Structures are given as structure tokens and as C-alpha cells.
Asker: 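Structure in C-alpha cells, see below.
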Amino acid sequence: MDLTNKTVAALGDSVTRGFDGTVNLRYNYPRYLAKYYNCRVCNNGINGATIYETLEKEIEKIKDNKYDVIILMIGTNDYGHLDVPLVRIISKLTTLVRKVISQHHEAKIYAVLPMTRFDDDKNAANVVRYSNYTFNQLLDGLAEVYLAFQVPFIDWREYHSEFITDFNYKDMYQDQHVHPNAYTYRKLAFYIGDFIKNN
């Protein structure tokens with residue numbers, strides 16, 4: 001899809017808002033997306049947002065507006081901060097994706113799975129945190145929901161898998177944990193924009 005002159009809603013957590021672990025950066029991925037793809041992007045990201053507790057509020061906030069494209073990028077905080085079983089998070093996402101589709105049937109919806117995260121200097125992929133599932137299991141669960149609704153989505157384990165790795169995350173994440181620096185936000189915008197352009 002050509003994003004030129006399109007109106008985009010970006011829903012998500014601190015990675016959408018543009019937080020770098022200390023401050024909200026003025027130049028975040030939605031801002032770069034607007035700049036490089038000549039579109040209007042409304043940044044609805046909320047620091048600390050989760051699928052289970054916050055996404056519904058973000059969806060409610062945009063329900064009366066018309067968008068050409070809606071981007072969902074959320075889920076890392078469900079894994080990182082909540083003791084909620086994965087099945088409940090997946091059920092909630094299923095309900096909310098259905099809601100977005102019904103409220104914005106003219107919009108094209110895209111999803112971006114959470115980026116690789118590092119907790120205590122360790123890749124979280126196969127680590128169980130507060131509830132009984134790993135980060136990879138979360139990603140697999142979110143992917144299943146998007147596949148079921150035929151929502152095109154980015155899975156960083158396959159799409160530009162060299163973007164964030166065990167070898168470069170300290171350079172790519174400002175907090176060496178989960179929050180990008182300015183350079184990484186710019187690359188993130190390019191990767192998301194190119195994905196939308198080609199899907």
C-alpha cells in the first residue's frame with residue numbers, strides 16, 4: 001500500500017510513544033514514518049500499555065475518526081509486567097482486533113509483533129517471567145490471532161532478523177533492555193513503512 005497522503009493511527013506502548021527508557025523522544029517511529037512516507041500519523045502509544053489492560057482504551061479513543069491505516073504494536077508489557085495467563089491475553093486481543101475491524105472496516109490494519117527484549121542482559125525469548133509462558137510463546141500467540149483475522153504482521157524473528165540481535169542490542173536499545181534509541185526508531189519506521197508498502 002502506498003502511504004502517500006494517507007492517515008495512519010499508531011496504537012501501542014512505549015515503543016510507539018517513542019520512550020527511550022528515560023524520556024519520550026520527539027522523533028519516534030510514527031514521526032519518522034510520517035516524514036519518510038509523506039503521510040499523517042497519529043501517535044496513540046501509551047507508555048506501559050498492555051493488550052490486557054490498556055489497548056481497549058486506545059481503540060475507544062480512535063473509534064470516531066477515519067483512518068486509512070491502523071498499526072498495532074503491543075504485547076511486550078503483558079509479558080514483562082503482568083501475571084495474566086497467555087490464554088487470557090490472546091482472548092483479549094482476539095476481541096479487540098475484531099472490534100477494530102468492525103469499527104474501521106475501510107481501514108487497512110497491520111500489526112507488528114513486539115521487538116526482541118532483553119531482561120537482565122539476557123534474551124527473553126525462552127524465559128518464563130511472571131506468568132507461565134515465554135516471550136516466544138507470547139509472539140506465537142499474537143501471530144495466531146493476526147493470522148486468523150488475515151492481518152498482515154511483522155515478526156522480527158523472520159523479518160529483518162538482523163535488526164535486533166544478541167550482538168547489537170546494547171547499541172540499538174538506549175536502555176539495553178527494550179526501548180530503542182533515536183537511530184533504532186528511524187530504522188523501525190523504515191522497516192514498518194516498507195512492510196506496509198509491500199503488503
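All values derive from a computational prediction rather than experimental measurement. Basis for what follows: all heavy atoms, side chains included, without hydrogens, waters or symmetry-related copies.
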Asker: Nearest 0.5 angstrom please: T116 OG1 to M172 CE, how far?
Answerer: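 Nearest 0.5 Å value for the OG1-CE distance: 10.5 Å.
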
Asker: Identify all side-chain donor-acceptor contacts of residues 96-105 below 3.5 Å with residues at least two apart in sequence or on another chain.
Answerer:
residue: S102; atom: OG; partner: R98; partner atom: O; Å: 3.4
residue: S102; atom: OG; partner: K99; partner atom: O; Å: 2.9

Asker: To the nearest 0.5 Å, what is the distance between CD1 on I192 and OH on Y37?
Answerer: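 Between atom CD1 of I192 and atom OH of Y37 there are 9.5 Å.
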
Asker: Are V145 and W156 connected in a single hydrophobic cluster, I mean Ile/Leu/Val/Met/Phe/Trp/Tyr linked by side-chain heavy atoms less than 4.5 Å apart?
Answerer: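 No, because W156 and V145 fall into different hydrophobic clusters, even though each may have its own neighbours under 4.5 Å.
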
Asker: How far does NZ of K170 sit from OG1 of T165, to the nearest 0.5 angstrom?
Answerer: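 Here the interatomic distance stands at 12.0 Å.
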
Asker: Is any side-chain heavy atom of I74 closer than 4.5 Å to one of Y52?
Answerer: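 A side-chain contact is absent here, since even the closest heavy-atom pair is not under 4.5 Å.
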
Asker: Would you say that more than 12 heavy atoms from the other residues, nucleotides or ligands in this model lie under 6.0 Å from the CD of E162, or not?
Answerer: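 Yes, the 6.0 Å shell around CD holds more than 12 heavy atoms from other groups.
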
Asker: Give a yes or no on whether L142 and V87 share a hydrophobic cluster (residues Ile, Leu, Val, Met, Phe, Trp, Tyr; joining criterion: side-chain heavy atoms under 4.5 Å apart).
Answerer: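 No: no chain of side-chain contacts under 4.5 Å links L142 to V87.
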
Asker: Could you walk me through whether T95 and K92 pass the side-chain contact (heavy atoms from CB on, under 4.5 Å) check?
Answerer: CA-CA 5 Å; T95 301; K92 185 78 169 184; 5.6 Å; no

Asker: Begin with the C-alpha distance, continue with both residues' side-chain angles, and end with the deciding distance and a verdict on side-chain contact (heavy atoms from CB on, under 4.5 Å) for M73 and V15.
Answerer: CA-CA 8 Å; M73 184 180 183; V15 177; 3.7 Å; yes

Asker: Both conditions, 6.0 Å and 45 degrees, for the charged tip of R186 above the ring of Y183: are they met here?
Answerer: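 The answer is no; the distance or angle limit is not met.
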
Asker: Parallel, tilted or perpendicular for Y159 and F195, by the 30°/60° rule?
Answerer: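 Taking F195 first and then Y159, their aromatic rings stand perpendicular (interplane angle over 60°).
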
Asker: Is there a side-chain contact between I71 and Y29 in this structure, where contact means two heavy atoms from C-beta onward sitting under 4.5 Å apart?
Answerer: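 A side-chain contact exists here, since the closest heavy-atom pair is under 4.5 Å.
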
Asker: Can L113 and F153 be said to form a side-chain contact (heavy atoms from CB on, under 4.5 Å), step by step?
Answerer: CA-CA 7 Å; L113 296 188; F153 67 93; 4.0 Å; yes

Asker: Please round to the nearest 0.5 Å and tell me the distance separating atom CE of M115 and atom CG of L188.
Answerer: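 So the gap between those two atoms works out to 5.0 Å.
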
Asker: Identify the two heavy atoms, one from A182 and one from L25, that lie closest to each other, and give their separation to 0.1 Å.
Answerer: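 Closest approach of A182 to L25: N-CD1, 3.9 Å.
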
Asker: Write down the atom of A49, the atom of T54, and the distance for their closest heavy-atom approach.
Answerer: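 Here A49 and T54 meet closest at CA-OG1, 3.5 Å.
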
Asker: Looking only at side chains, do Y173 and N168 share a donor and an acceptor under 3.5 Å apart?
Answerer: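 Not at all, the side chains of Y173 and N168 share no donor-acceptor pair under 3.5 Å.
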
Asker: Kindly work out whether a path of hydrophobic side-chain contacts (I/L/V/M/F/W/Y, heavy atoms less than 4.5 Å apart) joins L138 to V112.
Answerer: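 L138 does not cluster with V112.
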
Asker: Does the side chain of V127 come within less than 4.5 Å of K122's, by heavy atoms?
Answerer: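 They are in side-chain contact.
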
Asker: Shortest non-hydrogen contact from R17 to N28?
Answerer: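 Looking at all heavy atoms of both residues, the closest pair is O-ND2, 3.2 Å.
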
Asker: To the nearest 0.5 Å, what is the distance between CZ on R26 and CZ on R31?
Answerer: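 Interatomic distance, R26 CZ to R31 CZ, rounded to 0.5 Å: 4.5 Å.
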
Asker: For K197 and D2, what are the C-alpha separation, side-chain angles and deciding distance, and is it a salt bridge (charged side-chain N to carboxylate O under 4.0 Å, His left out)?
Answerer: CA-CA 5 Å; K197 198 167 78 176; D2 182 5; over 6 Å; no

Asker: Does the side chain of V8 come within less than 4.5 Å of C39's, by heavy atoms?
Answerer: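 They are in contact (side-chain heavy atoms under 4.5 Å apart), so the answer is yes.
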
Asker: Do any pairs count as a salt bridge (Lys or Arg N to Asp or Glu O under 4.0 Å) and have a residue in residues 104-113, sequence neighbours left out, and if so which ones?
Answerer: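 Non-adjacent pairs meeting salt bridge (Lys or Arg N to Asp or Glu O under 4.0 Å): K66-E106.
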
Asker: Is the ring centre of Y191 less than 6.0 Å from the ring centre of H160?
Answerer: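 When the ring centroids of Y191 and H160 are compared, they turn out to be within the sub-6.0 Å range.
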
Asker: Would you find a donor on one side and an acceptor on the other, under 3.5 Å apart, between the side chain of N43 and the backbone of T16?
Answerer: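 Indeed, once roles are kept as given, a pair shorter than 3.5 Å links the two residues.
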
Asker: Taking ring pair (Phe, Tyr, Trp, His ring centres under 6.0 Å) as the definition, give me every residue that meets it alongside F118, ordered by chain and number, with sequence neighbours left out.
Answerer: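 Residues passing ring pair (Phe, Tyr, Trp, His ring centres under 6.0 Å) with F118: Y169.
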
Asker: What's the shortest heavy-atom distance between H179 and S14, and which atoms?
Answerer: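 Taking every non-hydrogen atom into account, NE2-OG, 2.9 Å.
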
Asker: Go through the structure and list residues passing side-chain contact (heavy atoms from CB on, under 4.5 Å) with K35, not counting sequence neighbours.
Answerer: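 Expected list: none.
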
Asker: Examine distances only and state if a side-chain atom of S131 and a backbone atom of Y133 form a donor-acceptor pair shorter than 3.5 Å.
Answerer: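 Side chain of S131 to backbone of Y133: no pair is present.
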
Asker: Do N123 and F135 have side chains that get closer than 4.5 Å, going by heavy atoms?
Answerer: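 Result no, sub-4.5 Å side-chain heavy-atom pair not found.
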
Asker: Does the side chain of V178 reach to within under 4.5 Å of the side chain of T76, using non-hydrogen atoms?
Answerer: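 Result yes, sub-4.5 Å side-chain heavy-atom pair found.
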
Asker: Answer yes or no: is there a side-chain heavy-atom contact under 4.5 Å between I46 and E58?
Answerer: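 Side-chain contact under 4.5 Å: yes.
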
Asker: Taking atom types as modelled, find out whether H81 and T50 have a side-chain donor-acceptor pair closer than 3.5 angstrom.
Answerer: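 T50 and H81 do not have a side-chain donor-acceptor pair below 3.5 Å.
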
Asker: In chain order, what residues pass the side-chain contact (heavy atoms from CB on, under 4.5 Å) check against N136, with sequence neighbours excluded?
Answerer: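 Testing N136 for side-chain contact (heavy atoms from CB on, under 4.5 Å), a comparison that skips the adjacent residues, returns A125, N126, T134, L139, R157.
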
Asker: Do other residues, nucleotides or ligands put more than 12 heavy atoms under 6.0 Å from N198 CG?
Answerer: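 Atom CG in N198 is crowded, with more than 12 foreign heavy atoms closer than 6.0 Å.
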
Asker: Between atom CG of D68 and atom CG of L3, what is the distance when rounded to the nearest 0.5 Å?
Answerer: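 Rounded to the nearest 0.5 Å, the CG-CG separation comes to 9.0 Å.
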
Asker: Can you sort out the partners of F190 under ring pair (Phe, Tyr, Trp, His ring centres under 6.0 Å), two or more places apart, ordered by chain and number?
Answerer: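 So F190 forms a ring pair (Phe, Tyr, Trp, His ring centres under 6.0 Å) with Y36.
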
Asker: Taking all atoms of both residues into account, what is the closest heavy-atom pair of N132 and Q137, and its distance?
Answerer: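 That would be O-OE1, 4.5 Å.
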
Asker: Is any side-chain heavy atom of V69 closer than 4.5 Å to a side-chain heavy atom of V41?
Answerer: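 Answer no - side chains too far apart.
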
Asker: If hydrophobic clusters are built by linking Ile, Leu, Val, Met, Phe, Trp and Tyr wherever their side-chain heavy atoms come under 4.5 Å apart, do Y130 and L82 end up in the same one?
Answerer: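 The answer is no; the residues belong to distinct hydrophobic clusters.
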
Asker: Are V128 and V84 connected, step by step, through hydrophobic side chains (Ile, Leu, Val, Met, Phe, Trp, Tyr) whose heavy atoms are closer than 4.5 Å?
Answerer: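 No, separate clusters.
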
Asker: In a check of side-chain contact (heavy atoms from CB on, under 4.5 Å) between I51 and each of N77, I90, D13, I89, which one passes?
Answerer: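 Of all the options given, the one that passes is I89.
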
Asker: For a quick test of reading the model, state the closest non-hydrogen atom pair linking Y67 to N65 and the distance between them.
Answerer: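 In this case the closest contact between Y67 and N65 is OH-ND2, 3.2 Å.
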
Asker: Under the side-chain contact (heavy atoms from CB on, under 4.5 Å) rule, what do K6 and R40 come out as? Steps first, then yes or no, please.
Answerer: CA-CA 6 Å; K6 297 285 195 295; R40 183 173 168 264; over 6 Å; no

Asker: Taking the six-membered ring for Trp and the single ring otherwise, decide whether the centroids of Y32 and Y185 are under 6.0 Å apart.
Answerer: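 No.
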
